[in-house]
Structures are given as C-alpha cells and as structure tokens.
Amino acid sequence: MPMLLNASDYRRRARQFLPRGLFEYIDRGSEDETALTRLRDSLDAMTLLPAVLTGHDRRDLDTVLFGRTIAAPLVVAPTALAGLVSHDGETKLARAAARVGIPVCISTQSVTSVEAIRRGAPDALLWFQLYVWRDRALTARLLERASACGCDNLLVTVDTPVSPNREYNERNGFGIPFKPRLRSMIDVALHPAWLFGVLVRYLMGEGVPTYGHYPEAFRTAITRAEIAEAVRLENRLSWDDMRWLRGIWPGKLTIKGVLAVEDAEKAVEIGADGIVVSVHGGRNLDCLPAPVDCIPAIVGAVKGRLTILADSGVRRGTDVLKYLALGAEAVLLGRLPLWGLAVGGEAGAEAVLRMVLREMDTAMAFLGAHCVPALRNGRASELRN
Ligand SMILES: Cc1cc2nc3c(=O)[nH]c(=O)nc-3n(C[C@H](O)[C@H](O)[C@H](O)COP(=O)(O)O)c2cc1C
C-alpha cells in the first residue's frame, strides 16, 4: 500500500475509491475553476516570518473558541452528502473530530440526521449548518432538532443563493437529485469497493440514501426528481432573516460566506457571534477574491466584536497557520477530512486531522510560535515572550 504522507496522497487514493462523479463533486470548483486556482495561489504566495531563539520546545494548540477550549483551532466543515463518501460517513467524521478534540459542523444536506449522528458520536462537539428552507416553520423545526442534539453553534450559509455552475457534474452525470444514466451506472460499476462498501450497505439497511434532515413528509430520495417547494433552499434571504434566526436560535450564530467588510459589519449589527470568511472552497462563484485578500480588512474593522473563522483551499498545516496569522481564530477543513474518510473511514478521517495537526506543530516550531495567539496578525516574530 503506498504511503499516505500528505493531502495529495489521500486525494489520490480517494480518487481511486470513489466513483468519478462523486470524486469530482467533492474535488472540483465551478466554471473555469479560477477561484480554485486563485485560492491556492493566494495561500502559496503568503509567507510567515519566524521568531528565532524563543526558547520553547513544545507547542500548545489549545484554543478558546466561542468561550470553549478545544484542542486546536480547527473545525470539520459542513459538507453535503459526506455520507456518500463512506457508509454513515457523517457519524464517522463526528467521531474522528471528537477524538481529536475539535468541533464538527453537520450540513443541512447530510445523509444521516443530526439525531443519528449524536447517537453515534455522543462526545462530539456538534455544530449545525443551515441552508434556510422556503418554509420558515419547517426551518425553525429543524433548528429545534439541532439544538436538542446539543449543537451549540449555527452556521448559516449565505453564499449559495442558486445552484453553482458546475459543468463537469452535467458531463459525468452526478447531480442532486441523482438521475440514473448509463454513464453514472458504468462509473459506479467501475468502483466496486464503493458500490459494495457504501451504496449496497445503504440499500440493504436504510434504503436509498437521502437527505436525512428533510421532514418525513418531504423526504427526498436522491433519485426523486423534484424537491418539494417547502424545503427548496431560500434564494431571497436578507438580513431580516438573520435577525429572525438570531431571535429563535438559542446558541451561537455564525454567518458563513462573508467576504465584504460591510457585510461583516452588518453581521455585528444583527448580533451574530461569528462569521466565516469563505469562498465555499472555490465551488460557487468563480470570480470571487481569495479569503487571504479579504481577512485583513475584516479583522481591522470588526475584530473583537465577533469571532472570525476562515476556510477554503487548506491542504497543509501551514495553510491553517496562514489564515490564523491573518487574524482568523479558527479554520474549517472541507475536502481534507473527506479524503481521509474515503480512504479509511473514521480512522482515515482522524489520520488526516492528525496529519494537519502535525504539520501545524512542525511549522510552529520553525516559526518560534509556542501557542496559537503567538501566530496572529502575521507577525509571529513580534509576539515572542
Ligand atoms: C463536497 C462538499 C460539500 C459541501 N457542502 C456544503 C454544505 O452543505 N454547506 C456549506 O455551508 N458548505 C458546504 N461546503 C463548503 C465547505 O463547508 C467549506 O466552505 C469548503 O469546503 C472549504 O474549502 P476546502 O474544501 O478547500 O477546505 C461543501 C464543500 C464540499 C467540498
């Protein structure tokens, strides 16, 4: 078995295991993938200045985030349909995150419901990601379920008003709802380990994998053509909706997908606890700037009034440190844990998270940063003590 030493190794192995349609759904961007390229370029172009002779021989990654101490400034990002990557994949991700001591955010569009994930991962620090449904009463009911399962941070995703233009999904036949086509059936048949290890296991147990949170009356088999109007994703969201959510959600409220300073200011005004500066992994609008170019102005304007998280494009521990150095307080990982999940289920997801932690630790040693706050503001060299 080839050694799995970095994110590229895991990605390569995941590519062999997953049907091409599913692999590309996870891996790729949108349109011409310039946002994806820009993301990588922005992180690769950034450097960190070390402090030498700091006299520390251990690094401490503990982080206080939203008032709670976690083992590292990392969060497993919400990813729709992670349950298709491995059987019961969302629960496996939650268990892996719990073992590492970091939160995991469950997507509205997960295959497994938050209740089942909570049962399978009782120790997990669960967050919940919301795509607001047209029917607000059903949306509110969903939030009650998430809250009852102990999710203490709601990430409301606001950067996806319509379905992104992903032409490769058209070409390779992957879509939601899934439409059986000859091409996708051949694709699945060519990946028997996934077919029997994931799909057949669902078919023999729970049945056709579905969106686990959709209410019983609207439950949508992925093969069904129409998603009922009530649970269609709301594309007319406004700040009033965020005020409404602030009013009904008892826990922390974080707005995911903020890039402009003005929007970060509005998030403060409506009483949000946090924002995620994110380009959705380069999967949505192809002409977005990179978070690296947006974080400093946002930090300058709102820091201290809400918690700033960041994501998109992280492939190395050093990428995490770069977002932290710019002022983010924690970083979400989307694709990386999914590659681990594909390669080795729960153990694979945990291995990837531990790999990122190791890379962070090594780089912090070089930077002379003995703790996370010493990295902030991109000036590790000026924060020695
Ligand atoms: C397969 C996949 C599904 C995703 N589904 C969601 C989702 O349901 N809700 C959401 O807010 N973000 C979703 N995202 C975006 C992630 O939460 C995160 O912003 C992004 O993946 C970070 O970039 P990275 O994958 O380069 O780490 C998804 C990302 C991927 C790769």
Side-chain angles (χ1 to χ4, degrees), residues 3-10 40 42-77 96-104 123-125 153 274 276-277 290-292 295-296 298-300 302-304 306-333 336-337 340 349-385:
M3 278 198 279
L4 298 166
L5 298 180
N6 59 31
S8 302
D9 293 342
Y10 279 96
R40 280 309 322 162
S42 70
L43 285 161
D44 289 341
M46 195 178 156
T47 58
L48 295 171
L49 193 62
V52 296
L53 304 173
T54 53
H56 299 292
D57 70 342
R58 271 165 213 269
R59 276 72 52 196
D60 181 3
L61 289 177
D62 277 9
T63 299
V64 179
L65 192 65
F66 296 109
R68 184 194 276 265
T69 302
I70 55 175
L74 294 176
V75 179
V76 175
R99 275 220 286 278
V100 171
I102 61 170
V104 55
D123 303 330
L125 297 171
N153 192 353
V276 188
V277 182
V292 159
I295 296 170
I298 291 178
V299 170
V302 305
K303 195 167 186 196
L306 47 64
T307 298
I308 297 170
L309 310 176
D311 78 17
S312 298
V314 170
R315 302 295 176 263
R316 285 277 186 192
T318 45
D319 296 331
V320 175
L321 302 190
K322 289 173 183 181
Y323 281 142
L324 298 175
L326 290 172
E329 291 179 51
V331 176
L332 283 67
L333 307 177
L336 284 193
E350 183 181 348
V352 162
L353 294 174
R354 294 206 185 278
M355 176 188 79
V356 174
L357 292 178
R358 269 196 314 278
E359 290 177 352
M360 289 169 67
D361 183 72
T362 302
M364 284 173 69
F366 277 109
L367 289 169
H370 66 287
C371 63
V372 173
L375 287 161
R376 296 260 160 74
N377 306 318
R379 291 155 60 192
S381 60
E382 294 179 23
L383 289 167
R384 60 192 84 172
N385 61 11

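For clarity, every value in this text was computed on a predicted model and none was experimentally measured.
- When every heavy atom of Leu5 is checked against every heavy atom of Met355, the shortest pair comes out as O-SD, 3.6 Å.
- The distance from the CE atom of Met364 to the OG1 atom of Thr318 is 13.0 Å, given to the nearest 0.5 Å.
- With sequence neighbours excluded, the residues forming a side-chain contact (heavy atoms from CB on, under 4.5 Å) with Ala77 are Leu332, listed by chain and number.
- Using a 4.5 Å cut-off on side-chain heavy atoms (C-beta onward), Val314 and Val331 make contact.
- The two residues Ile102 and Leu74 make their nearest non-hydrogen contact at CB-O, 3.2 Å.
- Applying the side chain to side chain donor-acceptor pair (under 3.5 Å) test to residues at least two apart or on different chains, the pairs with a partner in residues 306-317 are Ser278-Asp311, Arg316-Glu359.
- The minimum heavy-atom distance between Val100 and Ala71, with the atom names listed, is O-CB, 3.2 Å.
- Rounded to the nearest 0.5 angstrom, Thr54 OG1 and Leu367 CG are separated by 10.0 Å.
- By the 4.5 Å heavy-atom criterion applied to side chains, Tyr323 and Val277 are not counted as neighbours.
- By the 4.5 Å heavy-atom criterion applied to side chains, Ile308 and Ile298 are counted as neighbours.
- Nearest heavy atom pair, residue Leu326 against residue Pro296, reads CD2-CG, 4.0 Å.
- Taking the side-chain contact (heavy atoms from CB on, under 4.5 Å) definition, one finds that Ser8 meets it with Asn6, Arg12, sequence neighbours left out.
- No donor-acceptor pair closer than 3.5 Å links the side chain of Lys322 to the backbone N or O of Thr47.
- Between Phe66 and Glu329, the closest side-chain pair of non-hydrogen atoms is not below 4.5 Å.
- Considering all non-hydrogen atoms of both residues, Leu43 and Gly313 come closest at CD1-O, 3.6 Å.
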Next item on the list: For side-chain contact (heavy atoms from CB on, under 4.5 Å), just list the numbers for Val76 and Leu336, CA-CA rounded to whole Å, side-chain angles, deciding distance to a tenth of an Å, and then say yes or no.
Entry: CA-CA 9 Å; Val76 175; Leu336 284 193; over 6 Å; no

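- For residues 58-76, the set of pairs meeting the salt bridge (charged side-chain N to carboxylate O under 4.0 Å, His left out) definition, not counting sequence neighbours, comprises Arg59-Asp361, Arg68-Asp152.
- Every residue two or more places apart in sequence or in another chain that forms a side-chain hydrogen bond (donor to acceptor under 3.5 Å, both in side chains) with Asp44 is listed here: Arg40.
- The minimum heavy-atom distance linking Leu321 with Ala363 is given by the pair CD1-CB, 3.5 Å.
- Take Arg99 and apply the salt bridge (Lys or Arg N to Asp or Glu O under 4.0 Å) test, not counting sequence neighbours, and it matches Glu346, Glu350.
- When side chains are defined from C-beta on, Pro103 does not count as touching Asn153, because their heavy atoms never get closer than 4.5 Å.
- Within the 4.5 Å cutoff, side-chain heavy atoms of Val356 are placed close to those of Val320.
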